[in-house]
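Following: one structure in structure tokens, then a few remarks.
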Amino acid sequence: MSLKRYPGGSMRRTLYAVIWIIVYLALTMAPLFALMVGVERPGRGFWREFSVALGFAGLAMIGLQFLLTARFRSIVRPYGVDVVYHFHRQISLVAFAFILAHPLILFIESPETVALLNVFTAPLRAVFGVTSLLALLVLVVFSVFRLNIGLRYEPWRISHGILATAAVTLALLHVVGVGYYIDTTGKQALWLILGFIWVGSLVYIRVIKPLLLLRRPYLVESITPERGDTYTVAFKAEGHSGMKFRPGQFAWLTIWSSPFAIAEHPFSISSSALESDTISMTIKELGDFTSKVKNIVPGTRAYLDGPYGVFSIDNHPAPGFVFIAGGIGITPIISMLRTMADRKDMRPIILIYGNKTWEDMSFREEIEGLKTKLNLKVVHILEEPPSAWDGESGFVNAKMLAKYLPVDRMELMYFLCGPELMMDAVETALDSLGITSERMTAERFNLI
Amino acid sequence: MRQELANNLVIVITVLALILVIIFALIQAN
């Protein structure tokens with residue numbers, strides 16, 4: 001099969017990046033430059049204007065954060081939700097630095113402004129600014145050090161929404177209160193509309209989206225224990241046609257509570273994409289929520305928000321695939337294998353599957369069975385192999401990959417899903433074998 | 001790899017945003 005039919009994503013990726021950067025800068029910087037219209041006062045010096053511009057730019061960046069995490073498909077589709085969430089985390093630190101620099105530069109440039117920090121004597125506009133910054137500071141500390149301070153996921157998410165809304169609202173009040181740039185109705189309207197759009201996207205994800213989900217409930221059909229403290233939960237669409245998804249995608253699961261409660265968790269769909277009315281998720285006992293999965297009773301109502309993600313053979317066409325899974329990282333891959341079997345897709349597949357022990361290996365028997373329906377070669381790697389084991393042991397490395405990958409390995413598409421350290425090591429190993437990053441895609445679930 | 005992509009986007013956007021902020025300040029300063 002010719003490579004020409006399956007162009008690498010390099011050009012497309014660059015184009016996405018350029019569009020993303022232009023749109024992002026337009027949305028964050030245009031409101032700043034709009035402030036210049038009609039200003040005919042003498043300038044206040046570079047540092048003061050620089051400080052003010054940093055404040056406005058930082059506020060627009062924080063505002064846009066609401067849109068980034070509202071799961072609008074057009075926003076997350078080009079890169080996938082994991083990249084967008086990672087971007088959300090990193091850019092928030094930049095925006096926070098911009099906003100923090102705003103008062104700091106003012107204090108250095110005009111030391112008398114330090115008095116504005118005293119909320120008891122300062123004018124209201126300064127109080128709004130200071131409290132906005134404090135809300136943002138608490139938000140950043142809670143997010144960066146959530147695990148260190150023992151803050152659970154659900155209360156953190158509630159605090160995140162409240163603090164973000166408070167920070168943006170107080171900042172807008174500060175901006176209007178100062179009134180230096182926001183001095184005309186047009187400019188006030190522009191920034192207020194921006195504020196409504198930002199907070200509106202939070203309302204969308206917290207109110208409108210849950211309302212839509214309420215109309216498309218699922219019922220738990222069965223719970224099946226799998227190898228390695230893992231359970232497959234099958235959901236049957238109740239009164240609707242279910243969800244069309246691409247194999248390898250994931251959805252946010254809400255169970256035991258209404259979609260309005262902030263208690264949803266992202267899981268890969270493990271069933272075949274050809275069965276859209278019954279959807280399965282295979283979940284390993286790893287934490288608070290996942291350890292309760294085995295207690296789910298058939299008939300329990302659940303809500304699935306999805307599908308999301310670009311970790312799919314349908315997003316990355318190729319003449320053949322290499323799936324590299326570590327432990328529970330097999331879930332999106334088993335969906336792709338099942339779908340390929342249902343589609344009678346005979347493109348060659350190499351599955352490199354790492355597990356701790358032979359007994360822990362989820363879907364071990366099914367994968368064996370799939371060999372008869374697919375052009376599938378399986379390489380098992382065990383961290384703790386049994387005494388009679390003659391297969392691979394330890395961790396995936398470049399030498400091992402070189403041994404099993406075919407000569408035309410540069411043409412294949414590589415899907416990696418597993419623990420962070422494993423994926424970093426495999427990416428490096430593949431890179432050393434000449435596989436370009438355009439031919440690799442990885443699913444990482446550290447969304448928060 | 002994918003996180004590096006996001007990191008690179010953040011770096012490029014930060015640099016460009018800073019340049020635009022400086023341009024704004026230079027224009028408004030006088």
Side-chain angles (χ1 to χ4, degrees), chain A residues 13 16-18 20-22 24-25 28-29 32-33 35-36 39 41-54 56-58 60-61 79-80 82-91 93-95 97-98 181 310-311 416 420 423-424 427-428 430-431 437 440-444 446, chain B:
Chain A
R13 213 177 263 211
Y16 281 154
V18 171
W20 180 276
I21 289 165
I22 291 173
Y24 189 90
L25 285 176
T28 50
M29 293 296 146
L32 170 67
F33 279 83
L35 299 177
M36 287 165 66
V39 175
R41 290 177 290 255
R44 299 176 296 178
F46 174 80
W47 288 107
R48 176 161 286 216
E49 298 298 346
F50 180 57
S51 142
V52 169
L54 281 174
F56 275 112
M61 287 161 97
Y79 283 124
D82 59 325
V83 171
V84 173
Y85 273 59
H86 187 73
F87 177 87
H88 169 90
R89 279 196 300 263
Q90 304 303 109
I91 205 77
L93 298 177
V94 175
F98 277 22
Y181 276 111
V310 290
F311 187 76
L416 284 51
E420 288 287 304
M423 289 207 285
D424 291 342
E427 282 179 359
T428 311
L430 287 173
D431 188 55
S437 62
M440 291 180 221
T441 183
E443 187 74 304
R444 291 174 191 260
N446 53 343
Chain B
M1 204 74 69
R2 289 170 63 71
Q3 294 197 347
E4 276 170 31
L5 174 75
N7 291 344
N8 292 340
L9 285 175
V10 169
I11 292 166
V12 174
I13 284 173
T14 305
V15 171
L16 291 175
L18 265 178
I19 292 170
L20 289 170
V21 162
I22 290 169
I23 291 172
F24 175 93
L26 284 172
I27 296 171
Q28 293 300 100
N30 301 302

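A note on names: the letters A, B, ... follow the listed sequences, proteins ahead of strands, and every chain is numbered from 1.
Interface residue A:Ile91: backbone and side-chain heavy atoms are both found under 4.5 Å from chain B. In this structure, chain B has no heavy atom under 4.5 Å from any part of A:Phe56.
The distance from atom CG of B:Leu16 to atom CE of A:Met29, rounded to the nearest 0.5 Å, is 9.0 Å. Note that CG of B:Asn8 is 11.0 Å distant from CD of A:Gln90, once rounded to the nearest 0.5 Å.
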Under 3.5 Å, side-chain donor or acceptor atoms of residues 17-29 of chain B against the rest of the protein: list the pairs with distances, not counting sequence neighbours.
residue, atom, partner, partner atom, Å
B:Gln28, NE2, A:Tyr181, OH, 3.1

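Every residue meeting the ring-ring contact (aromatic ring centres under 6.0 Å, His included) condition with A:Tyr24, not counting sequence neighbours, appears here in chain and number order: A:Phe87.
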